[in-house]
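Here's the structure, in structure tokens; my notes come after.
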Amino acid sequence: MRDLLAGLVRDALADAIAAGDIALAEVPEVFLERPRDPSHGDWATNIALVSAKAAGANPRALADAIASRIAGHPDVAAVEVAGPGFINLRLSDAALQRVVEQVRAEGTDFGRVDPGRGRRVQVEFVSANPVGPMHVGHGRWAALGDSMARVLAHAGWIVQREFYVNDAGVQMDIFAKSVAARYLQKCGRDVAFEDTWYQGAYIAEIAEEIFAAEGSVWADAEPSAREAHFREKAYAQVLEHLKHVLHRMGVDFDVWFSERSLHAPGPTGRSEVDIAMDMLRGAGHLYEKDGATWFASTAFPEYGDDKDRVLVKADGELTYFAADIAYHADKFARGFDRVINIWGADHHGYVARMKAACAALGYPGQLDIVIGQMVTLLRGGEVVRMSKRTGEMVTFEELLDEVGADAARYFFLRRSTDQSLDFDIGLAKEQSSENPVYYVQYAHARICSILRKAAGAPDADEPAAAVAARVTGGEADLSLLSDPAELTLIRKFAELPEVVEMAADQLAPYKLTRYAEDLAATFHQFYTVCHVLSDDPALTAARLRLVDASRITLATVLGLLGVAAPERM
RNA sequence: GCGCCCGUAGCUCAGUAGGAUAGAGCGGCUGCCUUCUAAGCAGCGGGUCGGGGGUUCGAAUCCCUCCGGGCGCGCCA
């Protein structure tokens with residue numbers, strides 16, 4: 001719709017130039033924007049203001065010359081010049097009424113746009129260490145990453161979701177030691193449990209399960225063999241649990257990428273980390289100093305890292321960053337045009353070096369890192385304190401248990417990622433008007449109820465889409481949809497493609513929660529003003545189509561958010 | 001000290017590449033169910049956009065500076 005109008009303005013401008021009414025060498029690019037004030041129309045352009053200087057004319061005269069050439073177009077109900085020279089455009093009812101059938105024809109494909117143009121993007125998110133339960137921050141990244149993937153897919157990208165499994169390194173060793181120690185305690189051995197080990201009760205639970213399954217056979221085993229065994233057992237168990245919890249919130253990954261695979265020797269005997277470092281060294285990005293190997297991160301000032309970074313420590317050990325570079329080399333080698341990482345705010349200090357490294361690998365500007373700010377849990381207005389060290393925390397799983405997947409997802413998604421999130425547990429649980437999740441879902445349930453009623457089977461369990469198909473068969477005269485509430489609702493449908501485009505461009509799914517609430521509100525208003533099922537068959541038929549288009553649009557938005565669209569509440 | 005994020009109504013937050021009179025939800029007050037779900041709708045109040053400078057036709061938005069809050073600044077992972 002926006003493109004259509006922008007085309008009209010452009011043509012009008014070109015005509016005016018050709019006719020000599022406007023003295024411009026070429027037709028400038030036309031931008032349309034949504035006026036804040038609906039009384040200014042559906043779309044506005046400041047093209048006359050922007051071009052005034054170059055054309056040597058006053059903006060209003062320019063605007064008049066353009067506007068007079070648009071007036072009378074069947075899709076345009078009004079074109080006005082306002083203020084200093086804005087051109088305001090209002091769509092005709094006929095143009096709007098066409099949108100209803102467009103929505104119904106496209107179904108859940110409605111709102112698709114194509115800035116991605118079939119390119120491949122990978123979204124990596126959560127990537128929690130598989131050494132313990134996820135905290136609520138992981139829940140936020142999970143909701144964010146998954147919804148972002150859905151939005152990008154709706155915007156023409158081919159998307160892959162990936163979870164990076166940190167199954168190598170010191171954390172795993174400590175984890176293994178922790179579980180082994182709890183196991184030995186279970187076997188009645190008196191062993192020291194160090195402060196730096198994992199304190200959480202889940203460690204003992206895992207030890208207990210291993211004890212239950214295998215008995216005390218490991219009590220007298222050689223310590224390194226015991227630890228290795230416990231590492232694998234415990235890690236596999238935690239990883240399964242992570243998958244399970246994420247799945248409960250509707251988040252499923254295409255790839256679980258093992259950090260270990262980066263360290264394992266390949267066919268040539270060299271690991272991926274070796275190969276990535278060879279590549280960097282060959283390109284002159286590495287140097288030796290103080291017995292360590294460094295990456296010259298500051299050679300990429302555009303990414304703003306303030307110092308060079310060690311990849312191989314003086315003791316010969318690799319840093320985490322070295323593995324991360326190899327990991328990103330692997331990602332790009334898999335053919336993604338673009339890679340997106342979602343990280344917590346506590347990792348923002350790594351952004352510059354990681355982008356510099358990707359540039360050094362030959363993929364400048366192809367890595368986007370979204371930094372999500374922290375989550376604070378509130379209960380009854382009080383901050384819920386979390387401490388990983390003492391093992392006392394509200395985990396993501398406990399939050400899911402308490403508020404449910406839909407509320408959790410919706411609340412996680414509702415805020416800009418730049419904004420730290422206060423998650424009010426009480427509010428998320430509340431089934432009332434204060435809770436935006438229910439507000440939106442209720443609109444959908446209401447719609448389905450109307451459709452069932454129209455079908456004469458208010459209590460049937462038939463899916464709403466099937467019911468809708470039955471009650472909207474035959475012909476309908478959509479020009480009967482002329483009530484302001486009806487036209488406002490249609491205008492709201494027409495915004496979806498723009499919202500999707502913006503949410504994809506800005507990697508900001510929260511835009512969709514705002515839209516969902518707007519759309520639900522607009523529907524509720526329509527519902528209050530316009531009775532759908534009446535003794536006027538023609539009007540009823542037209543309104544049922546409008547209701548069906550509302551159902552489709554709402555369900556599509558909820559689908560992009562990953563929140564259920566209940567047909568009954 | 002340096003870097004990133006934030007500061008907008010009583011509270012929680014939007015504000016779309018600088019645009020027209022700064023918006024929404026919640027809370028408060030007042031109305032609306034014999035009719036498709038009242039988990040809904042309508043109305044009323046509520047603001048020096050943290051302070052101060054600057055850029056221009058125009059600034060919540062861009063620049064500088066100061067104040068306040070969060071996070072981070074390892075040859076840790």
Side-chain angles (χ1 to χ4, degrees), chain A residues 31 33-37 39-40 44 46 49 52-53 59 82-86 88 129 131 166 168-172 174 289-294 304-307 309-321 323-324 344-352 371-374 376 378 381 414-422 424 427 430-443 445-454 458 498-499 501-503 505-506 508 510-511 513-514 517-518 520-521 523-534 540 543-544 547 568-569:
Chain A
F31 291 107
E33 58 189 14
R34 293 273 189 187
R36 276 191 224 295
D37 184 343
S39 73
H40 293 141
N46 62 356
L49 292 168
K53 198 175 279 181
F86 292 102
N88 294 333
N129 267 330
V131 295
N166 294 117
V170 178
Q171 298 278 13
M172 282 306 279
I174 297 173
K289 190 181 82 176
D290 302 334
T293 302
W294 297 70
D305 201 3
D306 56 344
K307 57 184 78 161
R309 303 294 171 177
V310 171
L311 299 187
V312 186
K313 297 187 265 179
D315 64 6
E317 290 288 315
L318 293 167
T319 61
Y320 186 85
F321 185 44
D324 245 348
D346 52 343
H347 285 79
H348 78 255
Y350 279 75
V351 172
I371 294 298
Q373 297 296 316
M374 297 303 183
T376 305
L378 298 176
R414 200 157 177 249
R415 297 285 174 240
S416 155
T417 49
D418 287 341
Q419 196 73 240
S420 61
L421 178 69
D422 289 332
D424 186 326
L427 177 58
E430 198 161 328
Q431 305 202 357
S432 77
S433 59
E434 294 174 43
N435 190 333
V437 191
Y438 288 96
Y439 181 80
V440 175
Q441 291 184 320
Y442 181 63
R446 250 188 170 175
I447 287 168
C448 295
S449 176
I450 295 171
L451 294 171
R452 285 192 298 269
K453 185 98 174 184
E498 302 153 39
V499 176
E501 187 168 349
M502 196 181 307
D505 181 57
Q506 299 178 17
Y510 79 92
K511 304 256 179 202
T513 63
R514 298 194 65 80
E517 287 165 47
D518 270 1
F523 179 80
H524 286 313
Q525 286 154 15
F526 156 76
Y527 175 93
T528 305
V529 176
C530 299
H531 208 84
V532 177
L533 307 176
S534 68
T540 298
R543 284 185 172 165
L544 276 172
V547 167
R568 231 181 261 281
M569 285 174 77

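Each chain gets a letter, A, B and so on, in the order its sequence line appears, and its residues count up from 1.
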Do [X] and [Y] touch side chain to side chain, with heavy atoms closer than 4.5 Å?
X: A:Leu421; Y: A:Gln373; value: no
X: A:Lys313; Y: A:Thr319; value: yes
X: A:Leu451; Y: A:Leu544; value: yes
X: A:Val310; Y: A:Phe321; value: no

Exercise. Going by ring centres under 5.5 Å and near-parallel planes (under 30°), is A:His524 stacked on B:C41?
Worked result: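 The ring of A:His524 is not stacked on B:C41.
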Exercise. B:G40 base stacked by A:Tyr442? Criteria: ring centres under 5.5 Å, plane angle under 30°.
Worked result: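 No, A:Tyr442 does not stack on the base of B:G40.
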For nucleotides [N] and [M], find the distance between their [atom1] atoms and express it as a whole number of Å.
N: B:A38; M: B:U12; atom1: C1'; answer: 25 Å
N: B:C67; M: B:U30; atom1: P; answer: 47 Å
N: B:U61; M: B:G1; atom1: C1'; answer: 30 Å
N: B:U8; M: B:G69; atom1: C1'; answer: 16 Å
N: B:G47; M: B:C13; atom1: C1'; answer: 15 Å
N: B:A59; M: B:G68; atom1: P; answer: 28 Å
N: B:C62; M: B:G15; atom1: P; answer: 12 Å
N: B:G46; M: B:C41; atom1: P; answer: 23 Å

Would you classify [X] as touching base, sugar-phosphate or nothing, given that sugar-phosphate means primed atoms plus P, OP1 and OP2, and contacts are heavy atoms under 4.0 Å?
X: A:Ala82; result: base
X: A:Cys530; result: base
X: A:Ala314; result: base
X: A:Arg34; result: base
X: A:Asn88; result: base
X: A:Met502; result: base
X: A:Ser420; result: sugar-phosphate
X: A:Thr293; result: nothing
X: A:Asn166; result: nothing
X: A:Val170; result: sugar-phosphate

Output the single nucleotide from [options] whose closest atom is nearest the side chain of [X].
X: A:Leu533; options: B:C36, B:U37, B:C75; result: B:C36
X: A:His348; options: B:A14, B:C4, B:C36; result: B:C4
X: A:His531; options: B:C36, B:C5, B:C41; result: B:C36
X: A:Tyr510; options: B:U37, B:C41, B:A14; result: B:A14
X: A:Asp306; options: B:C73, B:U16, B:C75; result: B:C73
X: A:Asp422; options: B:U12, B:G19, B:C41; result: B:U12
X: A:Asn46; options: B:U16, B:U12, B:G19; result: B:G19

Expressed as a whole number of angstroms, how long is the span from [X]:[atom1] to [N]:[atom2]?
X: A:Arg415; N: B:C26; atom1: CZ; atom2: C1'; answer: 11 Å
X: A:Glu317; N: B:C76; atom1: CD; atom2: C1'; answer: 12 Å
X: A:Met569; N: B:G40; atom1: CE; atom2: C1'; answer: 12 Å
X: A:Glu517; N: B:A14; atom1: CD; atom2: C1'; answer: 10 Å
X: A:Leu427; N: B:A39; atom1: CG; atom2: P; answer: 17 Å
X: A:Leu311; N: B:C76; atom1: CG; atom2: C1'; answer: 15 Å
X: A:Asp346; N: B:C71; atom1: CG; atom2: C1'; answer: 8 Å
X: A:Arg446; N: B:U35; atom1: CZ; atom2: P; answer: 13 Å

Does [X] make a side-chain N or O approach to OP1 or OP2 of [N] shorter than 4.0 Å?
X: A:Ser449; N: B:U37; answer: yes
X: A:Gln171; N: B:C76; answer: no
X: A:Lys313; N: B:C76; answer: yes
X: A:Lys307; N: B:G74; answer: yes
X: A:Gln441; N: B:A39; answer: no

For this session: Find out whether the Lys NZ or Arg CZ of A:Arg446 is both under 6.0 angstrom from the six-membered ring centre of A:Tyr527 and within 45° of the ring's axis.
Result: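 The answer is yes, since A:Arg446 meets both limits relative to A:Tyr527.
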If [N] has a Watson-Crick or G-U wobble mate with both distances under 3.5 Å, name it; if not, just say none.
N: B:C4; answer: B:G70
N: B:U16; answer: none
N: B:U48; answer: none
N: B:G40; answer: B:C32
N: B:U61; answer: none

Exercise. Mapping A:Ala44 and A:Trp294 onto RNA chain B by nearest heavy atom, which one lands closer to the 5' end?
Worked result: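 Residue closer to the 5' terminus by nearest nucleotide: A:Ala44.
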Exercise. Mapping A:Gln419 and A:Cys448 to their closest nucleotides on RNA chain B, which lands nearer the 5' end?
Worked result: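 The 5'-side residue here is A:Gln419.
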For this session: With syn defined as a glycosidic angle within 90° of 0 and anti as everything else, classify B:A20.
Result: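 Anti conformation for B:A20.
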Exercise. Syn versus anti for B:C33, judged by chi lying within 90° of 0?
Worked result: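 It is syn.
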Problem set entry | Value rounded to 0.5 Å, distance of CZ in A:Arg452 from CD1 in A:Ile447 |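 The distance works out to 11.5 Å.
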Exercise. Which distance, rounded to the nearest 0.5 Å, do you find between the CZ of A:Arg415 and the CG of A:Asp422?
Worked result: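 Going from the CZ atom of A:Arg415 to the CG atom of A:Asp422 covers 8.5 Å.
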For this session: Output, in order, the C-alpha distance, side-chain angles, deciding distance and verdict of side-chain contact (heavy atoms from CB on, under 4.5 Å) for A:Glu517 and A:Val440.
Result: CA-CA 6 Å; A:Glu517 287 165 47; A:Val440 175; 3.8 Å; yes
Problem set entry | Evaluation steps, side-chain contact (heavy atoms from CB on, under 4.5 Å), between A:Lys453 and A:Leu533 | CA-CA 9 Å; A:Lys453 185 98 174 184; A:Leu533 307 176; 3.5 Å; yes
Exercise. Between A:Tyr439 and A:Tyr442, is the gap from one ring center to the other below 6.0 Å?
Worked result: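 Ring-ring flag for A:Tyr439/A:Tyr442: false, centres at least 6.0 Å apart.
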